[in-house]
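Worksheet for the structure shown next.
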Amino acid sequence: MEIDEKILKETVHCRKNFECLRAHTEFFGRNGRVERCLDGKVHIVKCSQIICHYKMSFGKYIICNCPIRKEIYQRHKQ
């Protein structure tokens with residue numbers, strides 16, 4: 001999957017070397033799947049990555065602000 005260079009440059013804190021791009025099908029199938037998207041801005045995910053600078057806990061939910069994950073979601077949402 002190709003992602004716009006601008007979005008890649010926005011993802012400066014990725015410590016996983018853009019893992020979601022290499023295996024986006026598996027990424028969405030298991031780990032990292034967007035459970036809900038609120039107003040196109042807040043992405044609630046199912047994610048077991050321990051260290052990620054783009055995720056944050058919000059009560060019992062995990063919110064992801066990763067520009068790449070958001071772009072992948074926008075392309076594959078139904």
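Atom-to-atom distance recorded for C52:SG and H13:NE2 is 11.0 Å, nearest 0.5 angstrom. Here the straight-line distance linking atom CD1 of I3 with atom CD of E10 works out to 11.0 Å at 0.5 Å rounding. Within the model, atoms CD of E71 and SG of C66 stand 10.5 Å from one another, a figure rounded to the nearest 0.5 Å.
Under the 4.5 Å side-chain contact rule for hydrophobic residues, F58 and V42 share a cluster. Side-chain heavy atoms closer than 4.5 Å link hydrophobic residues (I, L, V, M, F, W, Y) into clusters, and following such links, possibly through other members, connects I72 to L8.
The closest side-chain heavy-atom distance from R36 to Y61 is below 4.5 Å. With contacts defined as side-chain heavy-atom distances shorter than 4.5 Å, the pair L38/I44 qualifies. The side-chain heavy atoms of I62 and K46, taken from C-beta on, include no pair separated by under 4.5 Å.
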Determine whether K9 and D4 satisfy the following criterion, side-chain contact (heavy atoms from CB on, under 4.5 Å), listing intermediate values before the conclusion.
CA-CA 9 Å; K9 287 180 181 179; D4 187 274; over 6 Å; no
Let's go through N65 and K70 carefully: what are the C-alpha distance in whole Å and the side-chain angles of both, what is the deciding distance for side-chain contact (heavy atoms from CB on, under 4.5 Å) to 0.1 Å, and is it a yes or a no?
CA-CA 7 Å; N65 289 313; K70 288 180 174 186; 3.8 Å; yes
Show, in sequence, the C-alpha distance, side-chain angles and deciding distance for C14 and I68, and conclude whether the side-chain contact (heavy atoms from CB on, under 4.5 Å) test is met.
CA-CA 10 Å; C14 183; I68 291 176; over 6 Å; no
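Ring pair Y73/H43 is perpendicular by interplanar angle, where above 60° counts as perpendicular and below 30° as parallel.
Looking at every heavy atom in both residues, G40 comes nearest to Q74 through O-NE2, 4.4 Å. When every heavy atom of E2 is checked against every heavy atom of R75, the shortest pair comes out as O-NH1, 2.7 Å.
Not one N or O on the side chain of D39 forms a donor-acceptor pair closer than 3.5 Å with the backbone of K41.
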